[in-house]
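Structure, as C-alpha cells:
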Amino acid sequence: MAIAISAEKPSSVETGLSPLSSPPPVILTQDELKKIAAYKAVEFVESGMVLGLGTGSTAKHAVDRIGELLRQGKLTNIVGIPTSKKTHEQAVSLGIPLSDLDSYPVVDLAIDGADEVDPFMNLVKGRGGSLLREKMVEGACKKFVVIVDESKLVPHLGGSGLAMPVEVVPYCWKFTAKRLQDLFEDCGCVAKLRTTGAE
Ligand SMILES: O=C[C@H](O)[C@H](O)[C@H](O)COP(=O)(O)O
C-alpha cells in the first residue's frame, strides 16, 4: 500500500482589505514544506512498529521527528530499518533502535521521500543514491508513506526532465552505462556515473 503526502504552498487569497491591514503572505521555503509533509507522515507511526527509515532531505525530517517522539516517550518500542548508511548514522545519533531485514523481514511502515510522483502515485526514487536498499526495505513493508513537496509532482514519470536513477553493480560499469545509453539513444539520453564528492 502506498500513500503520498504532499505539502503545497498556500495560494494567495483576495480579502478585500486594504494592503495596510492585510497580514503579510506566509512564504514557506521548500525545506519547510518538506518538514510539514514529513511530520504529517510520522502521524502514521505507532509504538511497537518496525519502521523503514527513508533517505534524503525530506525523509531526514521524518527520522528527526521519530527520534524526538521517542525521546519524549510518546513513541516506544520502535525498531528502525535504515535505507542507507547516512540514515543509519542519523538514527544512531538520535537513539533510534535499529535492526535489519534479516531479523525483521516484515516492515510495518516505511516512510520516505521521492524524486517524482505521477498522478497515479508511480514514483521515481533513488536520485539520492539509495535505490537498492530503499527497494529492499520498502518492498517489504505493509504500508508505505511517501512524503513530497509540490516540486515532486509531475504529469508523467520523467516529467521533471532530471536524471533517471539506475543502480548497477560496479563490475564493468562502463559497459553497462553504454548498454543503457544505447537503449535510449533515440531520446538523446546520456548515461553518467553518479558521484558523491571524490567517490
Ligand atoms: O535515493 C534517495 C531517495 O530515493 C530519496 O528519497 C529521493 O531522492 C528524494 O530525496 P529528497 O527528499 O532529498 O528530495
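For ligands, and for the atoms within them, numbers begin at 1 and follow the listed sequence.
Interface atoms of ligand 1 facing Gly56, defined by a heavy-atom separation under 4.0 Å, are 13 (O). Proximity to Gly113 (heavy-atom distance under 4.0 Å) selects the following atoms of ligand 1: 6 (O). Annotation for ligand 1: atoms under 4.0 Å from non-hydrogen atoms of Arg127 are 1 (O), 8 (O). Near Lys125, meaning under 4.0 Å from any of its heavy atoms, are these atoms of ligand 1: 3 (C), 4 (O), 5 (C), 6 (O). In the vicinity of Lys152, heavy-atom distances shorter than 4.0 Å reach the ligand 1 atoms 11 (P), 12 (O), 14 (O). Near Ser130, meaning under 4.0 Å from any of its heavy atoms, are these atoms of ligand 1: 1 (O). Annotation for ligand 1: atoms under 4.0 Å from non-hydrogen atoms of Asp112 are 6 (O).
With a 4.5 Å cut-off on side-chain heavy atoms, Lys142 and Leu109 do not count as touching. Proximity of Val117 to Val154: side-chain heavy atoms (C-beta onward) are nowhere separated by under 4.5 Å. Contact annotation: the side chain of Asp108 never approaches that of Leu51 to less than 4.5 Å [non-hydrogen atoms, C-beta and beyond].
With Asp100 contributing its side chain and Ser103 its backbone, the two residues share a donor-acceptor pair below 3.5 Å.
Nearest protein heavy-atom neighbour of atom 12 (O) of ligand 1: Thr58 OG1, 2.5 Å. If you check which protein heavy atom lies closest to atom 3 (C) of ligand 1, you get Glu134 OE2, 2.8 Å. Ser57 OG, 3.3 Å is the protein heavy atom nearest to atom 11 (P) of ligand 1. Ranking the protein heavy atoms by distance from atom 5 (C) of ligand 1 puts Thr55 O, 3.1 Å first. Shortest contact from atom 9 (C) of ligand 1 to any protein heavy atom: Asp115 OD1, 3.4 Å.
Counting heavy atoms under 4.0 Å from ligand 1, residue Ala114 touches it through the backbone alone.
Each of Leu101 and Val106 belongs to its own hydrophobic cluster when Ile, Leu, Val, Met, Phe, Trp and Tyr are linked at side-chain heavy-atom distances under 4.5 angstrom.
Atom NZ of Lys35 is surrounded by 12 or fewer heavy atoms from other residues, nucleotides or ligands within 6.0 Å. For Met136, the CE atom is loosely surrounded, since the number of other residues' heavy atoms within 6.0 Å does not exceed 12.
Nearest to atom 4 (O) of ligand 1 by heavy-atom distance, out of Gly126, Gly54, Gly129, Gly128, is Gly126.
The side-chain hydrogen bond (donor to acceptor under 3.5 Å, both in side chains) test applied to Arg127 returns Glu116, not counting sequence neighbours.
In summary, the side chains of Ser130 and Thr83 do not present any donor paired with an acceptor at a separation below 3.5 Å, with no hydrogens or angles considered.
Put simply, no part of Lys60 is less than 4.0 Å from ligand 1, judged by heavy atoms.
Annotation for Val169: hydrophobic cluster partners, listed by chain and number, are Tyr171 (ILVMFWY side-chain heavy atoms under 4.5 Å, direct or chained).
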